[in-house]
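Since the structure comes first, as structure tokens, the remarks are kept for the end.
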2 protein chains.
Amino acid sequence: MSRSRNHASPPRPPTRSAAVDASESRSARKGRTRQALLDETLALVADRSFASLSLREVAKAAGIVPTAFYRHFASMEDLGVTVVEDSMRVLRKTLREGRRDLATRNAVPTVKSSVAILVQQVRENEAQFRFLIREQHGGVSEIRRAIDTELRLFVKELAIDLSRIPELAHWGAEDLELAADLMVNVLLQAVAEMLEANRRDNGDDREVTARSERKLVMVILGMNSWRTSQQ
Amino acid sequence: MSRSRNHASPPRPPTRSAAVDASESRSARKGRTRQALLDETLALVADRSFASLSLREVAKAAGIVPTAFYRHFASMEDLGVTVVEDSMRVLRKTLREGRRDLATRNAVPTVKSSVAILVQQVRENEAQFRFLIREQHGGVSEIRRAIDTELRLFVKELAIDLSRIPELAHWGAEDLELAADLMVNVLLQAVAEMLEANRRDNGDDREVTARSERKLVMVILGMNSWRTSQQ
DNA sequence: TGTACATCAGTGAACGCGCGTTCACTGATGTAC
DNA sequence: TGTACATCAGTGAACGCGCGTTCACTGATGTAC
């Protein structure tokens with residue numbers, strides 16, 4: 001860390017969203033610049049924490065002058081919370097995919113297919129997942145709170161899905177949430193391990209996938225016994 | 001975030017380790033300053049991420065001039081890795097406490113006592129646990145690597161402890177590690193929830209504690225079935 | 001024990017730099033007539 | 001359809017500030033004799 005704000009990553013040309021394209025409305029162009037700010041933030045956070053990004057840096061990456069940043073966001077924190085919302089959309093999509101999978105099979109989704117869907121979503125939306133994992137316990141409380149809220153929602157949705165499984169039909173809401181919480185926990189750890197593995201070497205997720213599947217099986221076995229051991 | 005490097009936290013007087021105390025050897029005084037740098041780093045990271053700390057800020061908090069920082073650490077990164085090592089000592093102590101508890105009872109430790117030990121350790125070493133949770137997936141790769149290495153070690157130690165339980169004596173090393181991994185995961189989540197709860201309101205950990213205990217029970221039930229369902 | 005010298009934790013001035021934010025501006029796009 | 005005016009995304013100069021790091025220094029502590 002010779003200078004704390006240096007970015008060691010390759011120079012990557014700025015998005016040049018500010019370039020005048022003609023034949024595109026002013027508001028459309030504004031939208032593109034806004035999206036560029038969000039995209040470049042995600043890209044920059046791959047290597048570092050959000051709190052260490054500067055406004056000037058993000059603006060430069062998006063191809064605008066620092067002062068133009070304020071046309072889109074009131075502050076870096078404002079930008080950060082928006083990035084959380086965008087990334088969470090991806091997480092919710094992952095859950096929806098799982099639900100769709102369940103519907104087409106018209107059966108309890110297997111552990112294998114659930115993990116496979118997650119792996120695919122992580123591959124397709126690496127930056128978003130990286131942001132969520134990194135900032136979940138990061139240094140900006142507003143962002144932590146936003147992620148926490150969304151994750152709770154996610155757990156609740158999964159609990160509802162679980163309640164539709166015949167074997168779990170008689171479970172109480174609290175127990176369902178507990179199980180859902182445990183499963184989400186296993187999946188989040190799987191995501192973190194995948195992302196760290198991808199960073200280091202070529203992306204061979206097979207070992208992480210296999211371990212996560214086995215952990216989920218262990219949790220499901222626990223759920224099976226739970227029914228009989230708890231009231 | 002009006003200025004990214006401002007610290008909003010109360011002013012707290014600097015440690016004044018540099019004060020000449022007489023009757024204390026030079027090396028002892030150096031040690032105290034070094035410890036002050038480590039302590040103040042932990043204190044500052046309670047609110048923000050390590051990557052957003054500046055050398056000048058830490059030096060000021062420790063009561064020395066910025067240039068004197070280099071008498072103790074080569075860089076902020078060097079300081080950060082040292083903080084990881086210190087914090088991990090606390091985590092290992094937690095495991096040792098658990099093991100001692102197991103020895104005095106001469107029995108399988110109950111879920112309740114394991115969680116109680118963790119809760120107590122978190123209360124006594126809040127700053128260290130906060131640092132580990134915050135920086136585990138944080139923006140400094142060297143620190144991530146250091147924490148990851150220590151956590152793997154921690155899982156392996158727990159797996160060895162598990163192998164001493166008669167019911168698990170015939171388990172393979174891989175399965176034991178899988179179970180240990182799952183349990184550590186539950187415990188880490190409990191720590192994160194406790195710390196976030198402590199930050200917001202008064203520290204009522206009872207709900208977090210109860211939920212974590214029930215999650216551990218679910219995992220242990222899964223382990224019981226694992227034996228019969230897998231080879 | 002006393003003296004002369006070496007060590008070294010901490011000091012303070014100085015540097016060039018990137019930071020967030022202000023301000024007055026430009027000129028293409030959009031709108032009212 | 002043409003014209004006159006309003007809007008507003010992006011510009012560029014300027015500000016004061018905290019940053020990491022260099023350097024020569026001070027003076028108490030430690031050591032060799």
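Relative to the side chain of A/Arg26, the nucleotides C/dA14, C/dT21, C/dA28 differ in distance, and C/dA28 lies closest. The side chain of A/Ser25 lies closest to C/dG30 when the candidates are D/dG12, D/dT22, C/dG30. In this structure, of C/dT11, C/dT29, D/dT22, it is C/dT11 that holds the atom nearest to the side chain of B/Ile64.
B/Gln136 and B/Asp148 form no side-chain donor-acceptor contact under 3.5 Å, judged by distance and modelled atom types alone.
With a 3.5 Å ceiling on both atom-pair distances, the Watson-Crick or G-U wobble partner of C/dA24 is D/dT11. A 3.5 Å limit on both hydrogen-bonding distances identifies D/dG18 as the Watson-Crick or G-U partner of C/dC17. Under the Watson-Crick or G-U wobble criterion, with both distances below 3.5 Å, D/dG30 is paired with C/dC5.
Between B/Arg29 and D/dT29 there is a side-chain polar atom (N or O) within less than 4.0 angstrom of OP1 or OP2. Taking side-chain N and O atoms only, A/Ser54 has a distance below 4.0 Å to OP1 or OP2 of C/dC19. The side chain of B/Thr67 places no N or O atom within less than 4.0 Å of a non-bridging phosphate oxygen (OP1 or OP2) of D/dT21. Taking side-chain N and O atoms only, B/Ser75 has no distance below 4.0 Å to OP1 or OP2 of D/dG20.
Remark: the backbone N or O of B/Arg123 is not paired with any side-chain donor or acceptor of B/Glu126 at under 3.5 angstrom. The backbone N or O of B/Glu135 lies less than 3.5 Å from no partner atom in the side chain of B/Arg144, so there is not a single donor-acceptor pair. Judged by distance alone, the side chain of B/Asp101 and the main-chain N or O of B/Glu97 form no donor-acceptor pair under 3.5 Å.
If B/Arg56 and B/Lys30 are placed on DNA chain C by their nearest nucleotide, the residue sitting closer to the 5' end is B/Lys30. Nearer to the 5' terminus of DNA chain C, by closest-nucleotide assignment, is the contact made by B/Val65 (compared with the other of B/Val65 and A/Arg71).
Protein atom NZ of A/Lys60 is 15 Å distant from nucleotide atom C1' of D/dG12, rounded to whole Å. Rounded to whole angstrom, the span from the CD atom of A/Glu24 across to the P atom of C/dT29 amounts to 11 Å. At whole-Å resolution of the value, OH in A/Tyr70 and C1' in D/dC8 are 18 Å apart. The CZ-P distance, from B/Arg32 to D/dT29, rounds to 13 Å in whole Å. Put simply, CZ on B/Arg48 is 14 Å from P on D/dG18, counting in whole angstrom units. D/dG20 atom P lies 15 Å from atom CZ of B/Phe73, rounded to whole Å. In this structure, A/Leu55 places its CG atom 17 Å from C1' of D/dG18, rounding to the nearest Å. Counting to the nearest Å, the C1' atom of C/dT22 and the CZ atom of A/Phe69 are 16 Å from each other.
At a threshold of 4.0 Å, the pair B/Glu40-B/Lys60 does not count as salt-bridged, since none of the basic side-chain nitrogens sits closer than that to a carboxylate oxygen.
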